[in-house]
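Here is how names work: the chains are called A, B, and so on, in the same order as the sequence lines, proteins then strands, and each is numbered from 1.
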There are 2 protein chains.
Amino acid sequence: MRSPADLTEAFRAHGLKVTPQRQLLFRLMHGNECHPTAESLFQTASEQMPGISLRTVYQTLNDLATMGELRSLDLGTGAVRFDPNIDDHHHVVCDRCSDVRDVYVSGSDALSIQGLDGFAVSNTSILFNGLCPRCAADSE
Amino acid sequence: MRSPADLTEAFRAHGLKVTPQRQLLFRLMHGNECHPTAESLFQTASEQMPGISLRTVYQTLNDLATMGELRSLDLGTGAVRFDPNIDDHHHVVCDRCSDVRDVYVSGSDALSIQGLDGFAVSNTSILFNGLCPRCAADSE
DNA sequence: TGCGAATCTGCACGTCTTGAAGATTGGCAC
DNA sequence: GTGCCAATCTTCAAGACGTGCAGATTCGCA
Ligand SMILES: [Mn+2]
Ligand SMILES: [Mn+2]
Ligand SMILES: [Zn+2]
Ligand SMILES: [Zn+2]
């Protein structure tokens, strides 16, 4: 996802308005590595802008995802997560605390795949599940 | 997933009751390659057993999943899907009609993976998205 | 400064799934 | 075969997540 300044410019260039709500979300998402949900962003945003609505958070994040500025991820944790990192990468999720981290995988072209007959595959995602270091330590 | 007969025996051995509802679901799931949702199974089951409740379908499928007789899959299609195939395999989903098919992947041990530091990974799932042959043809 | 379209808020609704309570029943003792 | 009781089933309400809609607000431009 581009910087708040770049996004501001891009929005205006596309005839979209640059509202305080959007700017706040630009800032909160830029460089954010937490893979937050709309709800958790709403919590954070509410601290800096009491009165902002959850609906606007959803709306803005979806707009940014449609524009390709961020990715929305369904990692099976209940709520969709939003990711400003649009590099080709994958994820690992802690089954206990739902923490998410980026995983980079290379060499996948060497995989031997059977069963895709005729499918026009547009996306491949690899999801790792397990326990994060903290939760693994706690459960000993 | 084991055969209806084996499951009947296994249920009784564990002190669980073998009800007509459960037996019907054993039959409907055994060898089922459609990756059905609870709702779609409920539709099918209702034809053979009017009055069966959606709640019972969810309950029974979840029980079977807990017992390891089947896998519940969140493929991002809205509702969880249930799979009697418990072999190590992955899935491809059609983004248009939500059709699901099994995909077998080998050579994944040759992948170079970065970012799993400290995570105790218990499961890895690969999800392919795209268009099935039929939908790909329709959209030409 | 004023206007109008875009946006925001608040709330209702839709979907999927589970919780809870009361009715029903499978499996066993007799 | 009968009766009992815990397990199960049905029904209905509610929880979680996300979206549609209507009316209030406001950004961006003249
Ligand atoms: Mn990421
Ligand atoms: Mn499968
Ligand atoms: Zn954790
Ligand atoms: Zn299709």
Side-chain angles (χ1 to χ4, degrees), chain A residues 4 7-26 28 35-43 45-46 48-67 70-83 93 98 100, chain B residues 4-5 7-26 28 35-43 45-46 48-67 70-82 93 98 100:
Chain A
L7 286 176
T8 296
E9 199 168 337
F11 266 59
R12 276 204 256 263
H14 282 271
L16 299 173
K17 293 183 176 176
V18 176
T19 65
Q21 291 88 346
R22 284 174 173 175
Q23 288 178 299
L24 173 56
L25 289 166
F26 294 168
L28 293 182
H35 303 84
T37 64
E39 177 67 38
S40 73
L41 271 173
F42 171 65
Q43 305 287 350
S46 294
Q48 299 181 45
M49 184 183 288
I52 191 174
S53 75
L54 177 58
R55 187 69 181 83
T56 294
V57 176
Y58 271 110
Q59 184 66 55
T60 302
L61 294 173
N62 284 337
D63 289 347
L64 287 168
T66 299
M67 296 164 140
L70 49 78
R71 286 171 53 191
S72 67
L73 310 171
D74 182 348
L75 304 178
T77 53
V80 167
R81 289 162 180 277
F82 295 90
D83 191 350
V93 181
S98 293
V100 177
Chain B
L7 285 176
T8 296
E9 200 169 336
F11 267 58
R12 275 203 256 264
H14 283 271
L16 299 172
K17 293 182 178 177
V18 177
T19 66
Q21 292 88 348
R22 283 175 173 174
Q23 287 178 299
L24 172 55
L25 289 166
F26 293 169
L28 292 181
H35 303 86
T37 63
E39 178 67 38
S40 72
L41 270 173
F42 171 64
Q43 303 288 350
S46 294
Q48 297 181 47
M49 185 183 286
I52 191 175
S53 75
L54 177 57
R55 188 68 180 87
T56 295
V57 175
Y58 271 109
Q59 185 67 57
T60 302
L61 293 172
N62 284 337
D63 289 347
L64 286 169
T66 299
M67 296 166 133
L70 48 79
R71 285 171 54 190
S72 67
L73 309 171
D74 181 347
L75 303 177
T77 52
V80 168
R81 289 163 180 276
F82 295 89
V93 181
S98 295
V100 177

Grab the two heavy atoms, one from His35(B) and one from Arg81(B), that are nearest each other, plus how far apart they are. O-NH1, 2.8 Å
For the pair made of CD in Gln23(B) and C1' in dG26(C), what is the distance, rounded to whole Å? 11 Å
If you take all heavy atoms of Phe42(B) and Leu54(B), which pair is closest and at what distance? CE1-N, 3.3 Å
Which whole-number value in Å describes the distance from Leu24(B) CG to dT25(C) P? 16 Å
Residue pair Asp83(A) / Leu70(A): nearest heavy atoms and the distance that separates them: O-CB, 3.2 Å
Strictly below 4.0 Å: does Arg55(B) bring a side-chain N or O up to OP1 or OP2 of dT17(C)? no
Applying a 4.0 Å non-hydrogen cut-off, can you work out what Gly15(B) is touching in the nucleic acid: base, sugar-phosphate, or nothing? nothing
Counting C-beta onward and ignoring hydrogens, is there a side-chain heavy-atom pair between Leu41(A) and Tyr58(A) closer than 4.5 Å? no
Heavy-atom pair of closest approach, residues Ser98(B) and Thr77(B): OG-CG2, 4.1 Å
Ignoring hydrogens, what is the shortest heavy-atom contact between Thr8(B) and Val18(B)? Give both atom names and the distance. O-CG2, 3.6 Å
Closest nucleotide of DNA chain D for Arg22(B) versus for Thr37(A): which of these residues is on the 5' side? Arg22(B)
Ile52(B) atom CD1 is separated from dA23(C) atom C1', nearest whole Å, by 17 Å
Grab the CG-P distance between Leu54(A) and dC13(C) for me, whole Å please. 18 Å
Sub-4.5 Å side-chain heavy-atom contact between Thr60(A) and Gln21(A): no
Distance-minimising heavy-atom pair for Arg22(A) and Lys17(A): NH1-O, 2.7 Å
Considering just the side-chain nitrogens and oxygens of Thr56(A), establish if one lies under 4.0 Å of OP1 or OP2 belonging to dT9(C). yes
Could you tell me how far apart Phe42(A) (CZ) and dA16(D) (C1') are, to the nearest whole angstrom? 15 Å
Can you check whether Phe11(A) reaches Met67(A) side chain to side chain, under 4.5 Å on heavy atoms? yes
Across nucleotides 25-30 of chain D, 5' to 3', mark each nucleotide with B, S or - according to how protein heavy atoms within less than 4.0 Å reach it. -BBS--
So if I take residues 57-65 of chain B and measure heavy-atom distances to DNA chain C, which residues fall below 4.0 Å? Tyr58(B), Asn62(B)
Check the distance between dC17(D)'s P and Asp74(B)'s CG and give it to me in whole angstrom. 13 Å
Tell me what Gly51(B) touches on the nucleic acid: a base, only sugar-phosphate, or nothing, going by heavy atoms under 4.0 Å. sugar-phosphate
Leu25(B) has an atom CG; how far is it from atom C1' of dC9(D), in whole Å? 12 Å
